[in-house]
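Read through the structure below, which is laid out as structure tokens, and then see the notes.
Chain A is the first sequence line, chain B the second, and so forth, proteins listed ahead of strands; every chain is numbered from 1. In this text, all values refer to a predicted model and were calculated from it rather than measured experimentally.
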Amino acid sequence: MKPADIAMHRQQKNALAHILASSRILDRLFYERPTVEVARDLLGKILIHGSTAGRIVETEAYLGEHDMAAHASHGVTPRTRVLFGPPGHAYVFLIYGMHYCLNLVAEPDGIPGCVLLRALEPLAGIDIMLRRRPQASSIHDLASGPGKLTRAMGITRRHNGMDVTQGELTVRALTGDSFFEVATGGRIGIRHCRDWPLRFFICGNPSVSR
DNA sequence: CAATAGATCATCT
DNA sequence: GATGATCTATTGC
């Protein structure tokens with residue numbers, strides 16, 4: 001390993017340690033609220049998986065039976081069972097035969113609703129992410145989309161149904177104050193209910209998808 | 001740059 | 001058997 005690589009490695013390990021020391025894990029009550037609120041409040045939080053971490057900069061809310069764009073609108077099936085279960089769990093599915101999408105289940109047990117994590121700003125384990133996504137044109141391109149995010153973080157169907165309030169995949173809130181402006185827009189990549197303002201993102205953040 | 005084709009598979013009809 | 005909550009490479013201006 002070259003000196004530059006060693007330095008980068010140490011810096012990244014320090015980055016993760018610093019995040020862990022200055023943040024607190026989100027408990028189940030955070031998720032046990034209206035989906036839109038959860039989607040809005042997840043902005044600025046930190047997603048941690050293994051030694052990779054990133055700040056959530058873009059989310060989308062997917063509701064229940066009236067939201068034709070949501071998987072839950074077609075009722076309970078083996079796949080969507082997680083969406084109707086207790087909050088604070090991961091819902092991971094394969095889309096277009098090649099990309100995984102990571103969602104976090106919201107609402108009380110029995111009521112469907114989830115938040116799609118669309119983009120992250122990489123904070124730690126960037127060397128690992130670069131290895132997983134060699135095509136990335138920049139650091140900010142590493143996780144600037146739902147499929148990119150899961151690939152960069154190493155998330156697969158294996159994580160479907162996992163409890164994100166403990167274990168290997170978690171979301172944390174920084175203890176210090178952080179200020180940013182939130183923008184709202186129509187959701188992306190769907191046919192139904194395109195104009196519903198259920199997409200939230202941090203204004204001006206370079207890791208937000210197009 | 002913007003537009004578009006192709007890859008590829010679990011899930012549901 | 002059709003269909004996506006996508007990404008990338010390639011083409012054409």
Side chain to side chain, [X] and [Y], heavy atoms closer than 4.5 Å:
| X | Y | result |
| --- | --- | --- |
| Phe180(A) | Asn205(A) | no |
| Leu47(A) | Leu169(A) | yes |
| His71(A) | Thr77(A) | no |
| Leu20(A) | Ile48(A) | yes |

Using atom [atom1] of [X] as one end and atom [atom2] of [N] as the other, report the distance to the nearest whole Å.
| X | N | atom1 | atom2 | result |
| --- | --- | --- | --- | --- |
| Arg210(A) | dT6(C) | CZ | P | 13 Å |
| Trp196(A) | dA5(C) | CH2 | C1' | 14 Å |
| Arg118(A) | dC7(C) | CZ | C1' | 12 Å |
| Glu58(A) | dT6(C) | CD | P | 10 Å |
| His192(A) | dT3(C) | NE2 | C1' | 11 Å |
| Arg199(A) | dA5(C) | CZ | P | 16 Å |
| Lys148(A) | dT6(C) | NZ | C1' | 10 Å |
| Ile190(A) | dT6(C) | CD1 | P | 9 Å |

Please say yes or no: joined through hydrophobic side-chain contacts below 4.5 Å, possibly via intermediate residues, are Tyr31(A) and Leu116(A) part of one cluster?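 No, it is not one cluster - the side chains of Tyr31(A) and Leu116(A) are not joined through contacts under 4.5 Å.
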
List, by chain and then residue number, the residues other than Val76(A) in its hydrophobic cluster (Ile/Leu/Val/Met/Phe/Trp/Tyr, side-chain heavy atoms under 4.5 Å); write none if there are no others.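 Result for Val76(A) is Val82(A), Leu83(A), Phe84(A), Tyr91(A), Phe93(A), Ile95(A), Tyr96(A), Val105(A).
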
5′-ward residue of the pair Ser144(A)/Leu94(A) relative to DNA chain C: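 Nearer the 5' end of the strand: Leu94(A).
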
Polar pairs (N or O, both sides) under 3.5 Å between protein and nucleotides 11-13 of chain B?
residue: dT11(B); atom: OP1; partner: Arg157(A); partner atom: NH1; Å: 3.4
residue: dT11(B); atom: OP1; partner: Arg157(A); partner atom: NH2; Å: 3.3
residue: dC12(B); atom: OP1; partner: Thr77(A); partner atom: OG1; Å: 2.1

Heavy-atom neighbours of His18(A) NE2 exceed 12 at 6.0 Å: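 Count not over threshold, so no.
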
Show me the side-chain donor-acceptor pairs of residues 35-45 of chain A shorter than 3.5 Å, one per line, residues at least two apart or across chains.
residue: Thr35(A); atom: OG1; partner: Glu107(A); partner atom: OE2; Å: 2.9
residue: Glu37(A); atom: OE1; partner: Arg33(A); partner atom: NH1; Å: 3.4
residue: Asp41(A); atom: OD2; partner: Arg33(A); partner atom: NH1; Å: 2.9
residue: Asp41(A); atom: OD2; partner: Arg33(A); partner atom: NH2; Å: 3.1
residue: Lys45(A); atom: NZ; partner: Asp41(A); partner atom: O; Å: 2.9

Strictly below 4.0 Å: does Arg151(A) bring a side-chain N or O up to OP1 or OP2 of dC7(C)?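 No, outside the criterion.
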
Close N or O pairs between protein and nucleotides 9-13 of chain C (under 3.5 Å):
none

Report the secondary structure of DNA chain C in dot-bracket form, marking unpaired bases with a dot and bases paired to a different strand with |, and treating Watson-Crick or G-U pairs with both distances under 3.5 Å as paired. ||||.|||||||.

Quick check: closest heavy atoms across Ser207(A) and Pro122(A), and the distance to 0.1 Å?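 Smallest heavy-atom distance, with atoms named: OG-CD, 4.0 Å.
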
Take nucleotides 1-8 of chain B nucleotide by nucleotide from the 5' end and write B, S or -, depending on whether a protein heavy atom sits under 4.0 Å from the base, only from the sugar-phosphate, or from neither. ------BB

Hey, could you give me the CD/CD1 distance between Glu58(A) and Ile56(A), rounded to the nearest 0.5 Å?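 Nearest 0.5 Å value for the CD-CD1 distance: 11.5 Å.
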
Return yes if some donor-acceptor pair links the side-chain N/O of Glu60(A) with the main-chain N/O of Ile188(A) below 3.5 Å, else return no.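 Judged by distance alone, yes, a pair lies under 3.5 Å.
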
Testing the 3.5 Å rule here: is there a donor-acceptor pair between the side chains of Glu121(A) and His140(A)?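 No donor-acceptor contact under 3.5 Å links the two side chains.
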
Give the intermediate values and the outcome of side-chain contact (heavy atoms from CB on, under 4.5 Å) for residues Met162(A) and Val92(A). CA-CA 9 Å; Met162(A) 264 192 194; Val92(A) 183; over 6 Å; no

Within 45° cone and under 6.0 Å: Arg187(A) NZ/CZ vs Tyr62(A) ring: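 Yes; both conditions hold, so Arg187(A) lies above the ring face of Tyr62(A).
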
